[in-house]
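Contents: one structure, followed by commentary.
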Amino acid sequence: MLPKQYRLKNKSAFNATYRVKNSTHLGGVTLFAGILKKDADTDTRVGFVVSKKTHKRAVKRNRLKRLMRESYRLLLKENNLYNSQNYMSLIFVGGDHALDKNFAEMQNIIKTLIQRL
RNA sequence: UAAAGUAAUCGAAUAAUCGCGCCCUUGUUAGGGUGAGGAAAGUCCGUGCAUUCAAGGACAAACAGCCGGAGAAACUUCCGGACGGCGUGAGCCGGUGGAUAGGACCACAGAAAUGCGAGCAAUCAAGAACUGCCGAUGGACGAAAGUCACAGGCGAUGGUGCAACGGUGAGGUAAGAGCUCACCAGCGGUAUUGAGAGAUACCGGCUAGGCAACCCCCUGUAGAAUGCAAGGUUAAAUUGAAGGCUAUAAAGGCUGUCCGCCAACUUCAGAAGAACCGCUAGAGAUUGGGAGUAAUCCCAAUACCAGACAGAUGAUUAUUUAGAAACAGAACACGGCUUAUGAGUUACUUUAUUUU
RNA sequence: GCGGGGGUAAUUCAGUGGUAGAAUGCCUCCUUGCCAAGGAGGAUGUCGCGAGUUCGAGCCUCGUCUCCCGCU
């Protein structure tokens with residue numbers, strides 16, 4: 001789990017990010033990026049979403065979210081996020097195809113998505 | 001040895017590195033503690049808790065259903081028993097009040113499906129014989145034997161159907177029928193026995209179809225509705241558009257529906273968008289002892305054991321069981337039910353086979 | 001988390017406990033030089049699944065799977 005200052009919190013923030021319509025997709029994971037930062041001191045906030053339509057069982061959905069979150073955390077720790085930190089917010093949405101991925105595959109997907117920004 | 005039945009248990013472990021929620025300490029970045037389930041699930045029953053309503057009239061409406069007990073806030077819960085069904089058996093299953101309060105339904109077939117019911121009338125054909133059975137009694141014909149679509153008696157046999165108005169056998173009769181008898185089933189009564197459901201025995205009359213997981217009747221129980229997104233406290237803010245503002249309509253409230261009554265605002269869009277309480281010490285957990293066939297109850301000791309709000313248990317590596325561990329994730333709390341669940345382990349019991 | 005509604009032919013939907021239907025679509029034939037339209041005929045169903053009640057369930061009862069909607 002990420003520290004609180006990196007988390008995307010409320011619904012209007014999510015909606016504002018979706019409305020920008022800047023998205024890219026790979027391996028069942030879709031990345032949405034928000035507007036560019038106005039102030040360079042604020043942290044980039046990240047949300048992780050797996051819909052109930054993706055899978056019915058909470059355990060599987062939690063597992064996918066944790067894998068995505070852990071991949072992002074390790075990249076953040078290595079300070080290896082390229083220019084993604086220029087955005088105010090990021091949202092990762094997990095789909096059906098991402099359910100069976102293991103950690104190594106997931107980490108490659110997240111890394112590639114971030115590089116595309 | 002194999003195949004079964006019942007009950008119980010377990011629900012991976014250890015280490016390293018990088019991380020997260022909450023609490024405490026320190027005092028500004030560290031240390032310590034703690035951190036999902038037996039079903040947390042389905043939301044099928046309940047309960048606590050919270051808010052609202054409980055002016056009037058009319059109509060409608062829930063759940064349970066053998067007996068005794070247990071717990072108790074309550075139940076579609078549990079335990080023990082009765083009865084019925086299934087199984088070779090250990091055992092398992094059961095929504096198990098009433099069909100003589102009344103109504104509805106019982107397709108097709110069948111004379112007939114609960115209606116005291118096999119009908120009545122007419123025509124044609126065939127005829128060696130036959131129109132469901134009989135035709136004792138009466139009638140007709142005949143010398144008689146006998147004959148008859150006769151009057152009349154009967155519902156057995158055959159056949160239909162899931163089901164045919166008790167069943168089987170014997171007597172009885174012209175043929176038959178509980179007409180009579182025996183046994184069985186069912187109904188009513190009496191006696192004995194049991195706490196009771198019930199069981200057993202005897203007697204009586206002589207017959208009552210199924211369906212209440214259709215309406216209904218009986219008995220019993222419960223104020224109703226909405227759910228923590230309930231609800232409360234503090235602080236701040238209150239933008240735009242449309243309708244209405246006279247009337248009508250729509251929508252709102254009176255908490256099942258309608259009538260009737262009341263009130264004045266209603267709808268849509270936008271938002272980088274406060275915090276706290278409710279919130280977890282409990283019909284609780286673990287261990288030990290006692291009572292009871294059991295469900296369960298009583299007593300003592302011990303510790304405090306998730307509390308988030310885009311929502312915490314993860315990732316990687318190594319070792320081990322079994323090279324790769326099932327079903328599955330708390331969201332106000334609790335009791336129960338139902339469903340999902342890998343590899344095993346333990347106890348008791350049954351059946352079959354083999355050996356001694 | 002809480003509450004509500006559905007599942008019947010390829011599709012959209014009807015369907016009092018008694019032989020499963022309609023429309024569109026599909027196939028064949030007729031009509032036409034050809035196509036469309038029109039006409040005639042035909043095929044197509046685990047009534048989501050599993051039990052129970054009943055003589056007999058699409059329908060009644062219970063369980064289960066799945067889809068959709070509403071409430072912040």
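Letters A, B, ... are given to chains in the order of the sequence lines, protein chains preceding strands, and every chain is numbered from 1.
The nucleotide B:C22 finds its pairing partner in B:G33, both defining distances of the Watson-Crick or G-U wobble pair being shorter than 3.5 Å. Using Watson-Crick or G-U wobble geometry with both donor-acceptor distances under 3.5 Å, B:U157 finds no partner in any strand shown. Pair assignment for B:G176: none, as no Watson-Crick or G-U wobble contacts are both less than 3.5 Å. Taking a pair to require two hydrogen-bonding distances under 3.5 Å in either a Watson-Crick or a G-U wobble arrangement, B:G38 remains unpaired. Partner assigned to B:A70 is B:U77, using Watson-Crick or G-U wobble distances below 3.5 angstrom. Under the Watson-Crick and G-U wobble criteria, each requiring two contacts below 3.5 Å, nucleotide B:A241 is paired to B:U267. Figure legend. B:A109 is base-paired to no nucleotide; pairs are counted as Watson-Crick or G-U wobble with both atom distances under 3.5 Å. Base-pair partner of B:A3: B:U350 (Watson-Crick or G-U wobble, both distances under 3.5 Å).
Base orientation of B:G38: syn (glycosidic angle within 90° of 0). The glycosidic torsion of B:U280 lies within 90° of 0, placing the base in the syn range. Against the 90° criterion about 0, the sugar-base torsion of B:C202 places it in the anti range. Base orientation of B:A208: syn (glycosidic angle within 90° of 0). The glycosidic torsion of B:G94 lies more than 90° away from 0, placing the base in the anti range.
Residues satisfying the ring-ring contact (aromatic ring centres under 6.0 Å, His included) test with A:Y87, not counting sequence neighbours, are none. Partners of A:R57 under the side-chain hydrogen bond (donor to acceptor under 3.5 Å, both in side chains) rule, at least two apart in sequence or in another chain, do not exist in this structure. Listed by chain and residue number, A:T30 satisfy the side-chain hydrogen bond (donor to acceptor under 3.5 Å, both in side chains) test with A:H25 (two or more places apart in sequence, or in another chain). Applying the side-chain contact (heavy atoms from CB on, under 4.5 Å) test to A:R61 and every residue at least two apart in sequence or in another chain returns A:V50, A:K52, A:H55, A:A58. Applying the side-chain hydrogen bond (donor to acceptor under 3.5 Å, both in side chains) test to A:S23 and every residue at least two apart in sequence or in another chain returns nothing.
B:C218 sits 37 Å from B:U339 when the C1' atoms are compared, rounded to a whole Å. For the P atom pair drawn from B:A241 and B:A249, the interatomic distance equals 30 Å after rounding to whole Å. Here, B:G336 and B:A70 have their C1' atoms 15 Å apart, quoted to the whole Å. Straight-line distance between the C1' atoms of B:C305 and B:C49: roughly 24 Å, to the nearest whole Å. The separation of B:C183 from B:G98, taken at their C1' atoms, amounts to 32 Å, rounded to a whole angstrom. Here, B:A272 and B:U248 have their P atoms 44 Å apart, quoted to the whole Å. Separation of the P atoms belonging to B:C184 and B:G146 is 46 Å when rounded to the nearest angstrom. A distance of about 16 Å separates the P atoms of B:C134 and B:G155, rounded to the whole Å.
By the 4.5 Å heavy-atom criterion applied to side chains, A:V49 and A:F32 are not counted as neighbours. Side-chain contact between A:M106 and A:L64 is present, with at least one heavy-atom pair separated by less than 4.5 Å.
A:N108 places no side-chain N or O within donor-acceptor distance of the main-chain N or O of A:K111, the cut-off being under 3.5 Å.
Base contact: A:S89 has a heavy atom under 4.0 Å from a base atom.
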Output field dot_bracket for RNA chain C (Watson-Crick or G-U, both distances under 3.5 Å, | for other-strand pairs) contains ((((((((.[[[[.)..(..]]]].(((((.......))))).....[[[[[..)....]]]]]))))))).
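Rounded to an integer number of Å, the gap from A:R61 CZ to B:U313 P is 16 Å. Between the CZ atom of A:F48 and the P atom of B:G311 there is a distance of 9 Å, given to the nearest Å. Atom CZ in A:R69 sits about 11 Å away from atom P in B:G21, given to the nearest Å. Note: CD1 (A:I91) to C1' (B:A272) measures 11 Å, nearest angstrom. A:K65 has its NZ atom 13 Å from the P atom of B:C309, to the nearest Å. Atom CD of A:Q107 and atom C1' of B:U316 are 10 Å apart (whole Å).
Considering CG of A:L26 and CZ of A:R116, their distance stands at 5.0 Å, rounded to 0.5 Å. Taken from CD in A:E70 to CG in A:L75, the straight-line distance is 10.0 Å, to the nearest 0.5 Å. A:F48 CZ to A:I110 CD1: the interatomic distance, rounded to the nearest 0.5 Å, is 7.0 Å. For the atom pair CG (A:L67) and CZ (A:F92), the distance works out to 13.0 Å, reported to the nearest 0.5 Å.
Across every non-hydrogen atom of A:A98 and A:V29, the tightest pair is CB-CG2, 3.9 Å. Across every non-hydrogen atom of A:T24 and A:L113, the tightest pair is CG2-CD2, 3.7 Å.
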Write out a two-atom table: protein N or O, nucleotide N or O from nucleotides 16-18 of chain B, distance below 3.5 Å.
| residue | atom | partner | partner atom | Å |
| --- | --- | --- | --- | --- |
| B:C18 | O3' | A:K77 | NZ | 3.1 |
| B:C18 | O2' | A:R73 | NH1 | 3.2 |
| B:C18 | O2' | A:K77 | NZ | 3.1 |
| B:C18 | O2 | A:R73 | NH2 | 3.3 |

Which protein N or O atoms sit under 3.5 Å from an N or O of nucleotides 328-332 of chain B?
| residue | atom | partner | partner atom | Å |
| --- | --- | --- | --- | --- |
| B:G329 | OP2 | A:A58 | N | 3.1 |
| B:G329 | OP2 | A:V59 | N | 3.3 |
| B:G329 | N7 | A:N62 | ND2 | 3.4 |
| B:G329 | O6 | A:R66 | NH1 | 3.2 |

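Residue order along RNA chain B, read from the 5' end via each residue's closest nucleotide, puts A:G47 first among A:F103 and A:G47. Comparing A:L67 and A:V49 by the nucleotide of RNA chain B that holds the closest heavy atom to each, the one mapping nearer the 5' end is A:V49.
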